[in-house]
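Following this message is one structure expressed as structure tokens.
First listed ligand is number 1; within each ligand, the first listed atom is number 1.
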Amino acid sequence: MPALPSTDHVHDRVTSALQRCGVDHLPEVTGTGHPARTPITGEALFDVAACGPADVERAIGAADTCFRTAWRDTPAPVRGHLVRRLGELLREHKGDLADIVTVEAGKIRSEAAGEVQEMIDICDFAVGLSRQLYGRTMASERPGHRLMETWHPLGVVGVVTAFNFPVAVWAWNTAVALVCGDTVVWKPSELTPLTALACHALLARAASDVGAPSDVHHVLIGGRDTGALLVDDPRVALLSATGSVRMGREVAPRVAARLGRCLLELGGNNAAVVAPSADLDLAVRGVVFGAAGTAGQRCTTLRRLIVHEDVAEAVTDRVVEAYGRLRARIGDPFDDATLVGPLIGESAHRAMAEALEEAAAEGGTVLCGGARCLEKEAPDAYYVEPAVVRMPRQSDIVRQETFAPILYVLTYRTLEEALDIHNGVPQGLSSSIFTTDQREAELFMSAAGSDCGIVNVNIGTSGAEIGGAFGGEKATGGGRESGSDAWRAYMRRATNTVNYSTELPLAQGVSFL
Ligand code: UN1
């Protein structure tokens, strides 16, 4: 098992990366601010100054003024220059940002770099979008009239992000919001303040390089109270929040109470169906990456394997065998040999241990994994062996999202039964089927198939590209971010009727005067 680096080593590495990204006032360890920790050793690296209510007020006020006085009137293709410059800086600092993500979120280096690549990709997409914010023209029912729609910027977008994708989800929202003419106030997870400072510094540099106003973006380091101020402020036209279903249930009614707009990306409980015709080599690889990758801490992580009983033994044996090979590759996420980094912290580990106990009480059999590793070397860090648990049925614990690497295995006889199990959970984010039978694949993608926002065939549930809209149904919250036409959530639509005739015919044939 790769040895862990010391906290001093991690501190030095992240310090240089932050400096290169242009974070001017490097935080120190003072014991007074908001602690920035690394899950690699579980120890504190710095204290970051936390925002108070006055800072939140100032940030929202400045972003709102910037929106009204400058940004909404800047032509969209010119707004695109800012995002293009940000994309260039992200390319230049890909390694630095990946280092910071690895330090704060514990992602293995390749996945951290992949996350930064996702930022670069969305910047490219948003730059193109800056010339494609199209409205439709419709045929008017009246002679000499034109009916059309225009898309306008919305206002301040409040972005709340989670620890597990500390930079990509910010970039999905921010790159698109900025070209749409919105300004952004960001409340990152309190577990990842350093990545937020680095992103903010890079965006500030991009703004200064292209002559865009610095108030297009503000970052607020803080906890729940800080987020609540953003949620309740009527100047925040759209609140885009990523996190747990519990968080969504708190946030949505508060935003609704002020008739604001919400874009929610909440939990997933993603499943893969493995049919008897599946290419098993491919299925096993897809399953293992989906379930154990990112130490099970993606909202798209594969949590339920619904496998046909004819291939259940073969598939389970192979997955367990692959997990056996992972065991030697749990540890330092900076080591190229590592495939499974740490859990984010103690509560994540507790949730995993409790879920495993509950699964056993509900009749489950742990086929492999679940043990904590490296606790002698780093008592405050939480490394675990990814677990596979055979369940007799889809019991309560299987229907919950536990943000840790536990894969529940269930079996089915008919595809109808598989779909019932598949859709029989509160969440609806991502799904996949492994099959070579076209009828099954089409049915799975049909209205009567998977009820998720992401429905894949012969690939796993995680690792979506930015070009499609990302998000899910039911308790996942219904929001869509990233590609396709997700930009529409960041703008307001005006319907225009223009009369270029000398008559005034009323619609629906109404006569008056
Ligand atoms: C998340 O886990 O919050 O599809 C986002 C994926 C990534 C994004 C995940 N592109 O797994």
**Message:** When you compare the side chain of Thr242 with that of Glu481, does any pair of heavy atoms fall below 4.5 Å?
**Reply:** yes

**Residues that Ala177 engages under side-chain contact (heavy atoms from CB on, under 4.5 Å), provided they are two or more places apart** = Val157, Asp182, Val184, Tyr490

**Request:** Identify whether the distance between the nearest side-chain nitrogen and carboxylate oxygen of Arg85 and Glu88 falls below 4.0 Å.
**Result:**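 Result for this pair is yes, salt bridge flagged.
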
**Prompt:** Taking only residues at least two apart or on different chains, which pairs with a member in residues 112-132 satisfy ring pair (Phe, Tyr, Trp, His ring centres under 6.0 Å)?
**Reply:**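 Passing the test, one end in residues 112-132: no pairs.
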
**Item:** For Asp121, salt bridge (charged side-chain N to carboxylate O under 4.0 Å, His left out) partners two or more places apart
**Value:** none

**Request:** Measure up the Tyr412 and His308 rings against each other and bin them: parallel (under 30°), tilted (30 to 60°), perpendicular (over 60°).
**Result:** perpendicular

**Message:** At less than 4.0 angstrom from any atom of ligand 1, which residues have a non-hydrogen atom? List them by chain and residue number.
**Reply:**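 Within the 4.0 Å shell of ligand 1, which is judged on heavy atoms, sit Glu118, Asn164, Phe165, Trp172, Arg298, Cys299, Thr300, Ser462, Gly463, Ala464, Phe470.
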
